[in-house]
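Just so it is clear, the model here is predicted, and its values are computed rather than measured. All heavy atoms count here, side chains included; hydrogens, waters and symmetry mates do not. The chain is numbered in sequence order, starting from 1.
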Amino acid sequence: MKPRCPTCNRPMPRTVSIPQKRAKPRKGPMRDAKYLAWCRQQLCVAPGDYFEDHSVDVDPAHTQNNGMRSKGPDSSCVPLCRIHHREFDAGRKAFEKKYGLDMKALAAEHYARYLEESGKAR
């Protein structure tokens, strides 16, 4: 039988909280700091005439996610300047359509090139 409120005699709502598991930061093949550093030294893959001298900061943009607003593996990153990165984060499909890019394919090409250049190719 549910406990009742002492003043109005209505059933009391359940107040027991269910403990939630916290996601642990992933290590291993998910995170690759050396690849992210390599990505930051590349040119932005999106076409545009924002910066002719390419002297802007480039950020790795994750093209995949693990759901629940978490980042995907670092091997799915593509170098984008900050303006294009914001545009990409606002809407992936619209970004790909606007610039005619397949971001997942570009990510695979960049990661393969990184592995080849660093001597990690399998």
Tightest non-hydrogen contact, residues Pro73 and His62, listed as O-CD2, 3.6 Å
Output for pair (Arg113 CZ, Ser118 OG), nearest 0.5 Å, gives 11.5 Å
By side-chain hydrogen bond (donor to acceptor under 3.5 Å, both in side chains), Asp89 pairs with (sequence neighbours left out) His85
Closest non-hydrogen atoms of Asp57 and Arg82, given as atom of the first, atom of the second and distance, are OD2-NH1, 3.3 Å
Hits for side-chain hydrogen bond (donor to acceptor under 3.5 Å, both in side chains) against Tyr114, two or more places apart or cross-chain, chain-then-number order -> Lys120
Sorted by chain and residue number, the side-chain hydrogen bond (donor to acceptor under 3.5 Å, both in side chains) partners of Glu109 (sequence neighbours excluded) come out as none
Exercise. List the steps and the verdict of side chain to side chain contact (heavy atoms under 4.5 Å, CB included) for Phe88 and Thr63.
Key: CA-CA 9 Å; Phe88 176 73; Thr63 60; 4.2 Å; yes
d(Arg86 CZ, Asp59 CG) to nearest 0.5 Å is 9.0 Å
Note: Tyr35 and Cys77 closest approach over all heavy atoms is OH-O, 2.9 Å
Q.
Is it the case that the side chain of Asp74 and the backbone of Asp32 share a donor-acceptor pair, with hydrogens and angles ignored and the cut-off at 3.5 Å?
A. yes
Taking every heavy atom of Cys39 against every heavy atom of Pro79, the minimum-distance pair comes out as O-CB, 3.4 Å
When every non-hydrogen atom of Cys44 is compared with those of Val58, the smallest separation belongs to N-CG2, 4.2 Å
All heavy atoms of Trp38 vs all of Glu117, minimum pair found to be NE1-OE1, 3.0 Å
I want to check something: taking the side chain as every heavy atom from C-beta on, are Leu80 and Val45 in contact at a cut-off of under 4.5 Å? yes
Any non-hydrogen side-chain atom of Lys104 less than 4.5 Å from a side-chain atom of Glu96? no
